[in-house]
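Structure first, then comments.
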Amino acid sequence: MTPEALAALIAEVVAALTGSGALSLPDGLTPNVNVERPRVKEHGDYATNIAMQLAKPAGTNPRALAELIKGQLEQNAGIAKVDVAGPGFLNITVASAAQGQVAADIVAAGAQYGSNETLKGMKINVEFVSANPTGPLHLGGTRWAAVGDALARVLQFSGAEVTREYYFNDHGAQIDRFAKSLLASARGEAVPEDGYGGQYIHDIAAAVTAQHPDAKDLPTDEAIEAYREAGVTMMFGEIKADLNAFGVDFDVYFHENSLHESGAVDRAIERLTSMGNTFEKDGALWLATEKYGDDKDRVIVRSDGTPAYISGDLAYYLDKRERGFDLCFILLGADHHGYIGRMMAMCEAFGDKPHENLEILIGQMVNLLRDGTPLRMSKRAGTVVSMDDLVDAIGVDAARYALTRYTNDTNIDIDLDQWAKASNDNPVFYVQYAHARTCRMMANAADLGMAIPTDFDPSLLSHERDGELLRALAEFPGVVASAAELREPHRIARYLEASASVFNKWYDTRECRMLPQGDEPVTAANLARLMLVAATRITFHNGLGLLGVTAPERM
RNA sequence: GCCUCCGUAGCUCAGCUGGAUAGAGCAGCGGCCUUCUAAUCCGCUGGUCACAGGUUCGAAUCCUGUCGGGGGCGCCA
């Protein structure tokens, strides 16, 4: 029995009690049954505070109500014992057969175990990374590559139709500085003011020069244009290749420029104007965002007639909505948190619902530590701390895991020495090793001719450690659902670490050996444990998959 | 000045939208390998949940303020 199933059962009991008149609740009150795992063993397998929640509205006292629910609940065959404790907690012990059945249910669900359909029918756009191609992907982009992709996977596992999207600009001032820097390098000149330095500039400049030997001797304007075009193509190619190697592939690469060329920007501005949300002042066109909660109004067309950067954002958002996305995520670094106000105001100005049609997630900064000291970035000097630096140091799996195991709103310091270790201070190895161990066990079982039993007897998984492992596995769907709902993929990682620990304890328990020892015959209990191991393997495999981390079968 | 994130064990961090005696890993100390992968497992040590108020049966969690640290506040992109 999963916690969700137990919660549903309790809800039925409450409904039955109100139906029979034994309990009266105010109209429209639907109890929100909260089932949790108690910290202390003596408090049973699961506990609920439902009686404390409902006592006041029902006009009774918590313990009396708890007794009432207990009486009904104990009628169910899946429930072994119910205790009323403390101020009115219901401590529930699940019958071992009902508990053990979870293993078979997981094996039956297979690759789908843990999924849910809470977002079924939702079309969701997740925009992340979106770095302009002026240099290699830096750490902030890398954090979002890992977390954004994991979030997309979690949303998909919850039934949503998800599009991963990358928005980039191949024109504009940043790109001009990039192009000028390339040309300066090709001509052997110093890095221009506000330009980009670093080895990658020289590498790309040299590559462009090799492709177009005459380009650097063109008149400067034409030469810049030539280096811009070829340089952007190369840089963007590298970024895409890096992301691909990182296991992240986008469905859509969206060019900001296309919005200007297609007239989408003008249409967006017209739409906002017709809704009375723009005005002219000081020769510029403004979007009235302040009335929708922004700090101040924003210029969208400058007094010289050129569109401001935000005009692209307006058109881009409108474009996404017109492509049918119900919900648009934008994943940004902490240095962009100031955008939330204007973007939400923009959303409302279009007549949409902020935080419902548009969600902006902010990820805090990432630092790499080597020997305890942070690696610092400097654009001028070209000391970019990039995705490559991270991946080269610790590998893709550890990098993705290290970036997804923390909440978005905390700064991360990644200690390269720690994450490069193949040891227990490295959580990714701990989880992967547990998975590999299940695979080895199953291979060993197959060698002995053992197969997943068709006449599985769930009551044989009656050891205390069996129950602990089963309860851990049963938690997975709830963890996925909350990761999706709260947009917090790190919950998956933390769950896997805790569950790997429970599995290892089970593995270490002599009474729970899965394989027959020595000349012992294969018993029904051995086969029941094989089912449990199979369920564990599936759960770890699916969980690692949601993080985009590989699940090796052997380590 | 304003906005925003963070402050929990020596270190790095969880804490399931308010529950029972605040957890994990690492570090430190001490144990378990003839039997499924010891990258495992067991025990011990370690806390003013930054501080002060408030909300209530109950607060690390919600609200207000203070202190400390990170990041931001362009007709840049």
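Each chain gets a letter, A, B and so on, in the order its sequence line appears, and its residues count up from 1.
- Between A:His336 and B:C5 there is no side-chain polar atom (N or O) within less than 4.0 angstrom of OP1 or OP2.
- Looking at the side chain of A:Arg440, the nearest of the listed nucleotides B:G19, B:U37, B:A39 is B:U37.
- A:Tyr495 comes within 4.0 angstrom of no nucleic acid atom, judged by non-hydrogen atoms across all strands.
- Evaluation of atom-type donor-acceptor distances gives no pair under 3.5 Å for the side chain of A:His337 against the base of B:C5.
- A donor-acceptor contact under 3.5 Å is not formed by the side chain of A:Asp335 with the base of B:G71.
- Counting to the nearest Å, the P atom of B:C57 and the CG atom of A:Leu54 are 16 Å from each other.
- Within 4.0 Å (heavy atoms only), A:Ala445 reaches no atom of the nucleic acid at all.
- When each of B:U12, B:C75, B:A20 is scored by its nearest atom to the side-chain atoms of A:Tyr406, the top-ranked nucleotide is B:U12.
- Side-chain atoms of A:Tyr433 come within donor-acceptor range of the base of B:U37, with a qualifying N/O pair under 3.5 Å.
- Rounded to whole Å, the P atom of B:G15 lies 16 Å from the corresponding atom of B:A60.
- When the C1' atom is compared between B:U55 and B:G65, the two are found 15 Å apart, to the nearest whole Å.
- More than 90° away from 0 lies the glycosidic angle of B:U40, which makes this nucleotide anti.
- Side-chain nitrogen and oxygen atoms of A:Ser482 include none within less than 4.0 Å of the OP1 or OP2 phosphate oxygen of B:U17.
- A cation-pi arrangement is present between A:Arg437 and A:Tyr507, with the terminal nitrogen or guanidinium carbon under 6.0 Å from the aromatic centre and inside a 45° cone about the axis.
- Within 4.0 Å (heavy atoms only), A:Glu520 reaches no atom of the nucleic acid at all.
- At the heavy-atom level, A:Ala434 lies nowhere under 4.0 Å from the strands shown.
- By the 4.0 Å N-to-carboxylate-O rule, A:Asp294 lies too far from A:Lys296 to be salt-bridged with it.
- Remark: the separation of the C1' atoms in B:U40 and B:C5 is 38 Å, to the nearest Å.
- Contact of the A:Val33 side chain with the A:Thr48 side chain is registered, since non-hydrogen atoms from C-beta on lie closer than 4.5 Å.
- Checking A:Glu256 against A:Tyr46, the closest nucleotide of RNA chain B that is more toward the 5' end is the one next to A:Tyr46.
- Within 4.0 Å of A:Leu486, counting heavy atoms only, lies at least one base atom of the nucleic acid.
- Annotation for A:Glu225: atom CD counts as buried by contact number, over 12 foreign heavy atoms lying within 6.0 Å.
- Atom CD1 in A:Ile360 sits roughly 14 Å away from atom P in B:C5 (whole-Å rounding).
- Separating the CD atom of A:Glu36 from the P atom of B:A14 is a distance of 21 Å, rounded to the nearest angstrom.
- Pairing of B:C11, defined by two Watson-Crick or G-U wobble distances under 3.5 Å, is identified with B:G25.
- Rounded to the nearest Å, the gap between the C1' atom of B:U66 and that of B:G31 is 48 Å.
- Remark: A:Asn504 is not in phosphate contact with B:U37, judged by side-chain N or O atoms under 4.0 Å from OP1 or OP2.
- In this structure, A:Thr407 reaches the sugar-phosphate backbone alone: every heavy-atom distance under 4.0 Å involves primed, P, OP1 or OP2 atoms, never a base.
- Here A:Arg437 reaches the OP1 or OP2 of B:A38: one of its side-chain N or O atoms lies under 4.0 Å away.
- Within the nucleic acid shown, A:Arg494 comes within 4.0 Å of sugar-phosphate atoms alone, with no base atom in reach, counting heavy atoms only.
- In this entry the distance linking CD of A:Glu4 with P of B:C16 reads 16 Å, nearest Å.
- Distance CG (A:Asp297) to P (B:G74): 14 Å, rounded to an integer number of Å.
- A donor N or O paired with an acceptor N or O is found under 3.5 Å between the base of B:C75 and the side-chain atoms of A:Ser303.
- A salt bridge links A:Glu497 and A:Arg405; the closest N-O separation between the charged side-chain nitrogens and carboxylate oxygens is under 4.0 Å.
- Across all strands shown, B:G68 pairs with B:C6; the Watson-Crick or G-U wobble distances both stay below 3.5 Å.
- One C1' atom belongs to B:A50, the other to B:G70, and the distance between them is 16 Å to the nearest Å.
- Checked by distance alone, A:Gln364 brings a side-chain donor or acceptor within 3.5 Å of a matching partner on the base of B:G70.
- Taking the charged nitrogens against the carboxylate oxygens, A:Arg228 and A:Asp176 have no contact shorter than 4.0 Å, which rules out a salt bridge.
- A donor-acceptor contact closer than 3.5 angstrom links the side chains of A:Asn277 and A:Tyr292.
- Side-chain proximity of A:Arg491 to B:G71, B:U37, B:G15: nearest is B:G15.
- B:C33: glycosidic angle within 90° of 0, hence syn.
- RNA chain B is contacted by both A:Asp409 and A:Trp286; A:Asp409 maps to the nucleotide lying nearer its 5′ end (nearest heavy atom per residue).
- Spacing between atom CG of A:Asn408 and atom P of B:C6 amounts to 11 Å, rounded to whole angstrom units.
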Item to check | salt bridge (charged side-chain N to carboxylate O under 4.0 Å, His left out) between A:Lys505 and A:Glu468, worked out | outcome: CA-CA 10 Å; A:Lys505 284 186 177 110; A:Glu468 286 167 6; over 6 Å; no
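- Here the nucleotide nearest the side chain of A:Arg302, chosen from B:C73, B:U37, B:C76, is B:C76.
- Residue-level contact check: A:Asp295 touches neither bases nor backbone, having no heavy atom under 4.0 Å from any strand.
- The P atoms of B:C6 and B:C42 are separated by 33 Å, rounded to the nearest whole Å.
- The base-pairing partner of B:C33, taking Watson-Crick or G-U wobble contacts with both distances under 3.5 Å, does not exist among the strands shown.
- Using the Watson-Crick or G-U wobble rule with both distances under 3.5 Å, B:G46 pairs with nothing in any strand shown.
- Relative to the six-membered ring of A:Phe128, A:Arg143 misses at least one condition, a distance below 6.0 Å or an angle of at most 45° to the axis.
- When the nucleotides B:C41, B:G19, B:C16 are ranked by their closest atom to the side chain of A:Pro87, B:G19 comes out on top.
- Remark: the A:Asn91 side chain and the B:A20 base include a donor-acceptor N/O pair separated by less than 3.5 Å.
- With a cut-off of 3.5 Å on both pairing distances, the Watson-Crick or G-U wobble partner of B:G1 is B:C73.
- A stacked arrangement is not assigned to A:Tyr430 and the six-membered base ring of B:A39, the conditions of a centre distance below 5.5 Å and an interplanar angle below 30° not being jointly met.
- Put simply, CG on A:Leu369 is 14 Å from C1' on B:C13, counting in whole angstrom units.
- B:G7 and B:A14 have their P atoms separated by 8 Å, with the value rounded to a whole Å.
- Across the P atoms, B:A24 and B:C63 are found 28 Å apart, a figure rounded to whole Å.
- Applying the Watson-Crick and G-U wobble criteria (two distances, each under 3.5 Å), B:G19 pairs with B:C57.
- Remark: the A:Arg342 side chain and the A:Thr289 side chain contain no N/O donor-acceptor pair separated by less than 3.5 Å.
- Within 4.0 Å (heavy atoms only), A:Arg554 reaches at least one base atom of the nucleic acid.
- Side-chain proximity of A:Asn34 to B:C76, B:A20, B:U17: nearest is B:U17.
- Residue contacts for A:Asp413: at a heavy-atom cut-off of 4.0 Å it reaches the sugar-phosphate backbone alone, with no base atom in range.
- Residue A:Lys505 places no side-chain N or O under 4.0 Å from the OP1 or OP2 atom of B:U40.
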